[in-house]
Amino acid sequence: METDPIKLRLLMGSVWQSFEPHTLATRGVSSEIGYCVRLAILTLQRPGAIAGVKRRHPNLEKGLWWVHSENERSHQLHPLLPSSIELFGQLMELPVDRTSEAIFQNRRFPDKSVPAKKLTRIFAAVGKKFDLPRINFSGLRACARLLMLQSGIQTDGIDCVLGHRSRAPSEEERAVDGQHCLVKKRCIMMQWEFTLNEIIQAQDSIAIENPFPAS
């Protein structure tokens, strides 16, 4: 994984800009993958959680998202900041089958969510089409982690946001730490949103030649 801070910022900025949903639609690509990638960047969640999000999961008024694993066997609260809330609001207005709880719907079975593996394949295919650096959803999370470390955010806070743990917490620890972790997550995500806004503004203000030649 690239560690140079300038290249990391260019990488994140180029992916964000290239996956603008409405621009993708004008180029013959479904806007849904743009929403997925941008939601992944904004919230730093795994593709399974992105693909499987249901209409009942986010509470936009409270700024909270019950993030579920792809198999729905586990879930956790994640704070939503203004940019994420705005994006979720746009998602709720997409012209899809409203009788389905799924936001990103399986084309053949609208009552089911699109598989995470399919999102990953589409992400790779669109990136290749637009000559972007080779990166997947895990790579986006790794890139964000490095950017946050370089901005001075502590490792334990980043791991709290990304769901990385050296061991599984006990029930007692989960009860005590749950609210504290949510507050910590919100603080970390505010710092991430600030960093991301800097990256986006820089990407919008200048035309940058792709510094990542295809390998």
Side-chain angles (χ1 to χ4, degrees), residues 1-21 23-24 33-51 53 63 65 67 76-88 116 119-120 123-124 126-128 130-166 180-215:
M1 183 75 193
E2 179 62 60
T3 59
D4 180 84
I6 295 177
K7 285 194 173 184
L8 286 174
R9 284 173 170 260
L10 291 175
L11 170 59
M12 189 64 75
S14 64
V15 173
W16 175 271
Q17 188 177 64
S18 299
F19 281 83
E20 199 286 315
T23 302
L24 288 179
I33 188 60
Y35 285 112
C36 288
V37 172
R38 286 197 162 190
L39 191 60
I41 292 174
L42 285 170
T43 65
L44 304 180
Q45 293 303 302
R46 294 180 172 88
I50 302 290
V53 64
W65 175 15
V67 178
Q76 60 177 327
L77 268 178
H78 185 80
L80 295 176
L81 297 183
S83 298
S84 307
I85 292 172
E86 181 182 357
L87 191 64
F88 262 121
L119 280 187
T120 301
F123 183 17
V126 174
K128 184 176 181 180
F130 296 150
D131 197 27
L132 291 175
R134 295 175 64 180
I135 190 167
N136 54 24
F137 286 104
S138 294
L140 284 179
R141 282 163 51 89
C143 179
R145 188 178 194 279
L146 287 170
L147 286 168
M148 288 191 284
L149 282 172
Q150 290 167 0
S151 67
I153 301 175
Q154 296 298 311
T155 303
D156 64 334
I158 299 172
D159 290 346
C160 179
V161 165
L162 296 178
H164 294 167
R165 288 182 178 268
S166 57
H180 174 68
C181 188
L182 182 60
V183 172
K184 185 189 291 186
K185 281 181 180 180
R186 190 174 292 280
C187 291
I188 300 302
M189 292 308 296
M190 288 174 66
Q191 294 176 73
W192 170 239
E193 187 173 63
F194 179 82
T195 299
L196 185 59
N197 283 336
E198 284 187 331
I199 292 170
I200 293 168
Q201 289 170 11
Q203 190 74 22
D204 288 343
S205 63
I206 54 175
I208 306 172
E209 182 179 349
N210 185 353
F212 308 92
S215 56

- Check Pro5 against Leu147 and note the closest heavy-atom contact, atom names and distance. O-CD2, 4.3 Å
- Can you list the steps and then say if Thr43 with Ile50 is a side-chain contact (heavy atoms from CB on, under 4.5 Å)? CA-CA 9 Å; Thr43 65; Ile50 302 290; 4.0 Å; yes
- For Gln17, does its backbone N or O pair with a side-chain atom of Gln203 as donor and acceptor, under 3.5 Å? no
- Is a side-chain donor or acceptor of Arg141 paired with a backbone partner of Leu162 at a separation under 3.5 angstrom? yes
- Query: Distance-only, no hydrogens or angles: does the Ser14 side chain make a donor-acceptor pair with backbone N or O of Leu11 under 3.5 Å?
  - Reply: yes
- Task: Grab the two heavy atoms, one from Asn136 and one from Phe123, that are nearest each other, plus how far apart they are.
- Result: C-CE2, 3.6 Å
- Before giving the answer on side-chain contact (heavy atoms from CB on, under 4.5 Å), spell out for Trp16 and Val37 the whole-Å C-alpha distance, their side-chain angles and the decisive distance to 0.1 Å. CA-CA 8 Å; Trp16 175 271; Val37 172; over 6 Å; no
- Applying side-chain contact (heavy atoms from CB on, under 4.5 Å), run through Leu24 and Phe130 and close with a yes or a no. CA-CA 10 Å; Leu24 288 179; Phe130 296 150; 3.3 Å; yes
- Message: Donor-acceptor pair, distance only, cut-off 3.5 Å: does the side chain of Trp192 make one with the backbone of Ile41?
- Response: yes
- Message: Could you tell me if the side chain of Asp159 sits less than 4.5 Å from the side chain of Arg145, heavy atoms only?
- Response: yes
- Message: Side chains of Glu193 and Pro82, heavy atoms from C-beta outward: is any pair under 4.5 Å?
- Response: yes
- So CG of Leu8 and CE of Met148: to nearest 0.5 Å the spacing works out to 12.0 Å
- Query: Given side chains that start at C-beta, do those of Arg46 and Val67 come closer than 4.5 Å, heavy atoms only?
  - Reply: no
- Quick one: sort the His78 and Trp65 rings into parallel, tilted or perpendicular, breaks at 30° and 60°. perpendicular
- Query: Taking C-beta and beyond as the side chain, do Lys184 and Val161 meet within less than 4.5 Å on heavy atoms?
  - Reply: no
- Could you state the interatomic distance from CD (Gln150) to CZ (Arg9), rounded to the nearest 0.5 Å? 8.5 Å
- Query: Roughly how far apart are Ser84 OG and Arg38 CZ, rounded to 0.5 Å?
  - Reply: 12.0 Å
- Message: Could you check whether atom CD of Gln154 has more than 12 heavy atoms from other residues, nucleotides or ligands sitting under 6.0 Å from it?
- Response: no
- Quick one: pull up CE in Met12 and CD in Glu198 and give me the separation to the nearest 0.5 Å. 13.5 Å
- Note on the structure: Taking every heavy atom of Cys36 against every heavy atom of Phe137, the minimum-distance pair comes out as O-CE2, 4.4 Å
- Message: Minimum heavy-atom separation for Phe88 and Val53, please, with both atom names.
- Response: CE2-CG2, 3.9 Å
- Note on the structure: Heavy-atom nearest pair, Leu119 first then Pro47, reads CD1-O, 4.4 Å
- First locate atom CG of Leu81, then atom CD of Glu86, and finally report the distance between them rounded to the nearest 0.5 Å. 12.5 Å
- Message: Nearest 0.5 Å, please: how far is CG in Leu39 from CG in Leu87?
- Response: 5.5 Å
- In terms of heavy-atom contacts, Pro21 and Gly34 come closest through CG-C, 4.0 Å
